[in-house]
Structures are given as C-alpha cells and as structure tokens.
There are 2 protein chains.
Amino acid sequence: MTAGRPSILVIEDDAEIRRVLKVGLGHKDYRYLEALTAREGTTEVSTRNPDLIVLDLGLPDLDGLQFLKELRKWSKIPVIVLTARGKEKDKIKALDSGADDYLTKPFGMGELLARIRAALRRSAERHGGDAEPVFESGDLKIDFVRRQVFVKGAEVRLSPMEYRLLTYLARHAGQVLTQKQILKDVWGAAYVEKNLYLRVHMHQLRHKLEADPAQPRWLVTESGVGYRLRSE
Amino acid sequence: MTAGRPSILVIEDDAEIRRVLKVGLGHKDYRYLEALTAREGTTEVSTRNPDLIVLDLGLPDLDGLQFLKELRKWSKIPVIVLTARGKEKDKIKALDSGADDYLTKPFGMGELLARIRAALRRSAERHGGDAEPVFESGDLKIDFVRRQVFVKGAEVRLSPMEYRLLTYLARHAGQVLTQKQILKDVWGAAYVEKNLYLRVHMHQLRHKLEADPAQPRWLVTESGVGYRLRSE
DNA sequence: GGGCAAATTTAACAAAACGTTAACATCGGA
DNA sequence: TCCGATGTTAACGTTTTGTTAAATTTGCCC
C-alpha cells in the first residue's frame, strides 16, 4: 500500500513458523496478514492486495507451485518462497514460475527481513516506471544508452553476448535467476539446456569485471539454482 | 569546400518554378535535386537522402499532403511547403502533418533562402543536441559551420560522404551506434543493408584521421554492434 | 553533351572477433 | 570419498570486420 506500512501476506500452514513470522514482521515496519492454505491465500491477495507474499511451498490443499502459477497470470506482487532443505527441484520450479527469491528452512529472521527489503525495493523501482538509463553498484557502472560498461571508472569492452548477459542480470539486479530463465531470455527458448554456454560466458564476465574472479563480488552463483548480480 | 554542400530536393510539377529554384538554389551554396511527382520524390528521398525538401502542395499524381504524411512515418528531414495564394486550409494541414515552414506563391528568392537557412540550422541543432559549432577531442577538430576537419591543426580533405559520416558520429560522440542506424541516417533508409559501404568509408576515415589506423583512437568499432566516436 | 577527376560502389580476399565445444579441474555436499 | 555441479582453458569453425583495388557513377568544366 502506498500509505502506511507495507503489508506482507504469509501463506503458511505450520503454526510455529507463523508465530515466528508474525512476531518478526508484524511489529513495526510491516503490516502482517496470514493465510493457512493456498485457497485462503488467493482470497486474501485479491481482497487485501498485499505488497509482498511469503509463500511456503509445502502446503496441504493446493500445491504452492500451482498457487504461484495461477497468481502470476494476473499479478506481479513479489513472492518470496520458503522451502524445506533438500527440495532443490521445487525451489527451481518456483523461481521459474515467477518467484522472486527463496529461503531454505530453517532461516534466520535477519536474512528474511533483508530479502523482503530487497524485493520491495525492486518492486518500487519497477513501478517507478521509467527504466533507469544507468545501473550503478559499487564501482560497476552500466550505461544502457551508450552501451558502455565501467569498472572503477575505466571502460570495459564486452562482446555482444557478454553485454546481453550482463544487462539482463543488471535489470534483475539482486534477484535470483535460474539458469533456465537466463538461457531462455538471453540466448532464446531453444537454448534452455545449454548450461555450458552460461558457465563459459559467466566466467568471461567475471574475468573482465571482478577484481578477484575466484571470489566474485557481484556475479555470484546460487549453487544448484542459478546466478545473481548483487547490487550494492 | 572540402566536404560537400547541403542538398535540397525540390518536388514541383511546374517547369517554370523549377527553373527559378534551380537557378536560385543550385548555384553555389546548395546541391539541387528535383522530382516532378510525389512518387518520384519518394524514391529520390530514400536514395539521395537530401538535407531538406521544398514541396509544392499542388502535385498531379498524389496530394502533396499525402506525401508529407507518408514521409513523416520514417523521416524527419525538414520540409518547406509551397502553396498557392488563398489555400490557407492546406497550409495549416501541411504544418499539422509535419511541415517545418511554408511559403505562399509568388515568393521572393531571398525569402526562400532565408527560410531554408533557418530550417537547416534548426535541423542541425536538433541533431547536435546542443548547438555547438565545433567538435573537439584530442587533436581532432570539426568545424560544423565551415565544414572543415582538422587533425593536429592541419586541415584534412574529406569527401562529402566521409564528412557526413564523421559529423554524424561526432554529433553522437561517445555513444555506440548500430550499423543500421548509421546507414539509415547517413546514406538513407534504402541503404540499411549496405554494411560494406560503411566498412569501406570507415576505413577511409581512419586512414585520413587516425595516427595508427590499425589501432584507432577515435573511430572505434563495437564488434557485433556498430561503431562509436570516442570523445576525450 | 563530352571528357576528366573525384567520389562512390563492388568484388575478392585477409584478418580478427566471437560463440561454441570438448576435455579436464575444482568445489562442496552427502 | 564419491558424485554432481560449477569453473577453467584452449581449440575449432563461423561470422563479422578490415583491406585493397578495380569498376562504375557522379560532379563539373568546357
């Protein structure tokens, strides 16, 4: 909501986790809403119009994934997904279905709050409408108009593919992107299986942009999932 | 004049008026081009890419107004319209359709020349952004008013095409321009596929301007994309 | 309008950049 | 310690860009 505090809808069947989240979120910065099932979640979303959703993938009635897919047909509300450890497949499927970020249980409240802040910030920028003509984070700078990339003020020369890949990551800065998503959007739908392309080009980008390519500061890999361009 | 004069396309069916304009325009300051019909005018525009158009509204085949509307879908070339006395309605419609100025017949040559100068100046300003009369970067200097180019203070002779290409790059200095963009704006819309023209002329420009043409300092290529004139 | 010089357009070929691929190394979790 | 996922490197083939010179067109003076 534009006025007052942002509202966060938690869709979660486990009472213990709900209790923790209610305490952690509802106190001062956010308005806390909750739903115990996907069905209930759907009505909550359409009647309360929350600013962000925290969704547990292991729901009793309807699969959380199914809920997400349905939601994405008509809404772009940011969704942070909670998964049980080891359910890597579900996590990736959720991201591919339009989730913005994920957290593996058990998680710390501090981390969840940080990810909520990041997602809300990205969402606000998206709504700001005008696509920023430059991206800046630390000493990495991308000028989309001039098609130039700088590290510490010095221009870096990128190939067409490298530039495409980097700008794609930058436009979704801070967000986890699955390998499939990246390949689909940067190379094209026919290339979703070509993970090697991504590895090689990511390596080249790190080589050109990172001070220490072995310890990347911006182009971080989310093992088992994909990559993320860290912002600031 | 080392770099060619602005070219003006006159679209006019009346032979007498054409004769007057040819004498008045074609003599020294401008290159005179002509077309007798709107159809002919369209091909002239797309193949010769003139700097300005003088258009008679009373054409035999297609209405001059119609021509103007079609033209404005793909080109911003300044157009000065000629109307017969009393056809006020047409005049207004022409301005609404994208004409830059108008003149009522009969008109004096002096007035037409003044309006042409004004329109060309406005057009140059539009393209240059700021109305800078000179471009300077390192020891490369372009005087847009005198149409002269200097390297380390010594004047360099450029062909008309070379000059057009260089000034186009200079007016977008620092920005990467795709081959298509350059071809469309420098050669004309009919030439967007003629990449070879661009390669050859770029080579000639480098030969004339760069200290080491193999390691260009200003006229850099953005592989897979296009070219860019680096500024300081 | 003919003829000359300059400019542009072609064509053929060379060089460089790029994407793709394979083979192998390394890392991190079970 | 094993295995899958990710990182690294170099080579290959293709596409893009550069180079040169010749053919054609254009502008222009007479």
ask   = Which whole-number value in Å describes the distance from I182(B) CD1 to dT16(D) C1'?
value = 15 Å
ask   = Atom NE2 of H172(A) and atom OG of S231(A): how far apart are they, to the nearest 0.5 Å?
value = 13.0 Å
query = Taking atom P of dG27(D) as reference, at what distance in whole Å does atom OH of Y163(B) sit?
reply = 19 Å
ask   = How many Å lie between CG on L198(A) and C1' on dT8(D), as a whole number?
value = 15 Å
ask   = Under 4.0 Å: is that the gap between some side-chain N or O of W187(B) and OP1 or OP2 of dT8(C)?
value = no
query = What's the spacing between L166(A) CG and M161(A) CE if we round to 0.5 Å?
reply = 13.5 Å
inquiry  = Between L33(B) and Q204(B), which residue's closest nucleotide on DNA chain D lies nearer the 5′ terminus?
reply    = Q204(B)
ask   = Heavy atoms under 4.0 Å, any strand shown: does Q179(B) hit a base, just sugar-phosphate, or nothing?
value = sugar-phosphate
message = From C-beta outward on H203(B), which listed nucleotide comes closest to its side chain: dG19(C), dT10(C), dT19(D)?
response = dT19(D)
query = Between N49(B) (CG) and dT8(C) (P), how many Å, whole number?
reply = 13 Å
query = Does a nitrogen or oxygen in the side chain of K194(B) sit under 4.0 Å from OP1 or OP2 of dT10(C)?
reply = yes
query = Taking 4.0 angstrom as the limit, do R228(A) and D101(A) come out as a salt bridge?
reply = yes
task = Mind calculating the distance between CG (L196(B)) and P (dC13(C)) to the nearest angstrom?
result = 14 Å
message = Closest approach to the side chain of R199(B), judged atom by atom: which nucleotide of dG18(D), dA22(C), dT9(C) is it?
response = dG18(D)
inquiry  = From C-beta outward on R31(B), which listed nucleotide comes closest to its side chain: dT9(D), dT10(C), dG27(D)?
reply    = dG27(D)
key: Whole-Å gap separating C1' (dT19(D)) and CZ (R206(B))   = 11 Å
request  = Report which part of the nucleic acid Y227(B) touches: base, sugar-phosphate, or nothing (heavy-atom distance under 4.0 Å, all strands).
outcome  = sugar-phosphate
query = Want to settle it: does R157(A) or S223(A) sit nearer the 5' end of DNA chain C, counting the closest nucleotide to each?
reply = R157(A)
task = Run through K208(A), R157(A), H207(A), H201(A) and flag the one making a side-chain hydrogen bond (donor to acceptor under 3.5 Å, both in side chains) with E162(A).
result = K208(A)
note = To the nearest angstrom, the NE2-C1' distance between H207(A) and dC18(C) comes to 15 Å
ask   = In terms of side-chain heavy atoms of V200(A), which of dG19(C), dC28(D), dT9(D) is nearest?
value = dT9(D)
query = Between K208(B) and E222(B), who's closer to the 5' end of DNA chain C by nearest nucleotide?
reply = K208(B)
query = Between dG27(D), dT6(D), dG18(D), which nucleotide has the shortest distance from any of its atoms to the side chain of R48(B)?
reply = dG27(D)
inquiry  = Determine whether a donor-acceptor pair (N or O, by modelled atom type, separation under 3.5 Å) exists between the side chain of D100(A) and the backbone of A119(A).
reply    = no
query = M161(A) has an atom CE; how far is it from atom C1' of dT20(C), in whole Å?
reply = 10 Å
